[in-house]
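Worksheet: the structure to be examined is printed underneath.
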There are 2 protein chains.
Amino acid sequence: MLKAVANVMRQPNPKGGPMEAPGSRGTGNTKHRIVDAAIETLKKDGFAGASARTIAERGGFNQALIFYHFGTIDGLLLAALDRTSEERMRAYREAIEGATTLTELATVAGRVFREDLRSGHIKVMAELIAGTSAHPGLGPEISRRVEPWIELTREVGQRVSRGTGFDGVLPPEDMAFAVVSLFLGIELMSHLDGDTTRAERLFSVAQGLASTFEGLLRFGTGAMVGEEAP
Amino acid sequence: MLKAVANVMRQPNPKGGPMEAPGSRGTGNTKHRIVDAAIETLKKDGFAGASARTIAERGGFNQALIFYHFGTIDGLLLAALDRTSEERMRAYREAIEGATTLTELATVAGRVFREDLRSGHIKVMAELIAGTSAHPGLGPEISRRVEPWIELTREVGQRVSRGTGFDGVLPPEDMAFAVVSLFLGIELMSHLDGDTTRAERLFSVAQGLASTFEGLLRFGTGAMVGEEAP
DNA sequence: GTCTATACTTGGATAGAC
DNA sequence: GTCTATCCAAGTATAGAC
């Protein structure tokens, strides 16, 4: 039950492994396919269903390849998280970086998260976080990979709230923690009954609230909180 | 992998099982102990770590007893959820029913959820929801057991927002879904690094926000949204 | 690098003695 | 109702042929 702990970060194989040597064409392609299958399996079967056998069967390759390329299952799962995380982080950054007002942010973040919800990208993270209790060795590794999401959220929140007179009230760190938690929770809930309509509705409402709120602020509420426009 | 699906609701044993016969003293005590151990195991080892053997070892009883009393592991896990859910529901209801203002609500709900966070009661639910992907048969069962929580949240939210001029803006259903999701997410995040300080801080801040907001409302913002006090 | 075969462990579940 | 013994499926991981 605990024996994977010390091995989580172990390198592919004792002899240096498939180190993506300069001239190797096509190599690395298999690793890619394995990671794909792992992501797919985490989405559909969850952490508890992500065994070497199920992953290998879904991907149509041999089970032993996992251990050759990633050492352990946990190693593969971390690689899977790295991939989705990187992909989605790029998507969020691109979508969000143009947004400066609360309304824009709500619109654009809602759109990207809807994509996630449908494709299950955040599910990978939620499942791994939940699975951490069973494989404690994963804890610190997952934790490190979640931090950038909190940081991204904090940055964006801070940028958008600047000058609204709201940015002293809810500290950005707390806001970011809450938002990331909320997204993870929505992901869990939505996959419970395969029903994303509640989540979709929530995002519509949030969008509406954001622009209403923004309108109110422009109205002079800023002065009430004791803030001046820059 | 899928064979538990049809068995989830199966009764204890073929012959009618240990049906808590009227005169049986002490009986049912064992079932209780088994459920205790299951809850403890879900909290500490998560869904993926909650095997018959680990549960039995933690509880100091024989592994076979689980199948005698609950038919399957999934059956036991549902019983575990029933117990925590009932216990915590009572605690929340008692704590919350007196609260009529937003400030009171934030204070009291925060206190109870902090208890949860430390004792891990909601973790049981979060782990089971996450585990549902691996055991699809659990899906509907868990879903049924989550609904009352959304309903409770909705009721309370509605009661508190009544007359604040806020209760048309964020539909109670959406609010309830968001709050439950948020709590589940916070639970996941807090157990990831065993650090509950971020969650604790968030609750303090929320408490502060609630009373600030309430103060603003009393100030006449209600009129701005077009609502009159009852 | 990839496959087959295999060792060994853990897990769900049942039979049967007590 | 509880325990021992046991069956068999599934899991991780490795050795060794190709």
Item to check | Heavy-atom pair with the smallest gap, counting every atom of B/Ile186 and A/Ser181 | outcome: N-CB, 3.6 Å
Checklist entry - Does the side chain of A/Thr30 get closer than 4.0 angstrom to OP1 or OP2 of C/dT2 through an N or O atom? => result yes
For [X] and [N], give me the distance from atom [atom1] to atom [atom2], rounded to whole Å.
X	N	atom1	atom2	value
A/Asn62	D/dA13	CG	P	15 Å
A/Leu76	D/dG11	CG	P	15 Å
B/Phe67	D/dT4	CZ	P	16 Å
A/Gln63	C/dC8	CD	P	17 Å
A/Phe70	C/dG1	CZ	C1'	13 Å
B/Ile73	C/dT14	CD1	P	11 Å
B/Arg53	D/dT6	CZ	C1'	10 Å
B/His135	C/dA13	NE2	C1'	14 Å

Taking the side chain of [X] as heavy atoms from C-beta outward, which of [options] is closest to it?
X	options	answer
A/Ala64	C/dT4, C/dG12, C/dT2	C/dT4
A/His69	C/dA13, C/dT2, D/dT2	C/dT2
B/Thr72	D/dG11, C/dA13, C/dT4	C/dA13
A/Ser51	D/dG11, D/dT4, C/dG11	D/dG11

Checklist entry - Parallel, tilted or perpendicular: which describes the rings of A/Phe203 and A/Phe113, with under 30° parallel and over 60° perpendicular? => result tilted
Next on the checklist: Looking at A/Glu57, I want to see if its CD is surrounded by more than 12 non-hydrogen atoms of other residues, nucleotides or ligands under 6.0 Å.
Outcome noted: no
Checklist entry - Salt bridge between B/Arg118 and B/Glu200, side-chain N to carboxylate O under 4.0 Å? => result yes
Checklist entry - For B/Ala52, which contact category applies under a 4.0 Å heavy-atom criterion: base, sugar-phosphate, or nothing? => result sugar-phosphate
Check: residues 91-100 of chain B side-chain donor-acceptor pairs under 3.5 Å, at least two apart:
{"residue": "B/Tyr92", "atom": "OH", "partner": "B/Asp116", "partner atom": "OD2", "Å": "2.7"}

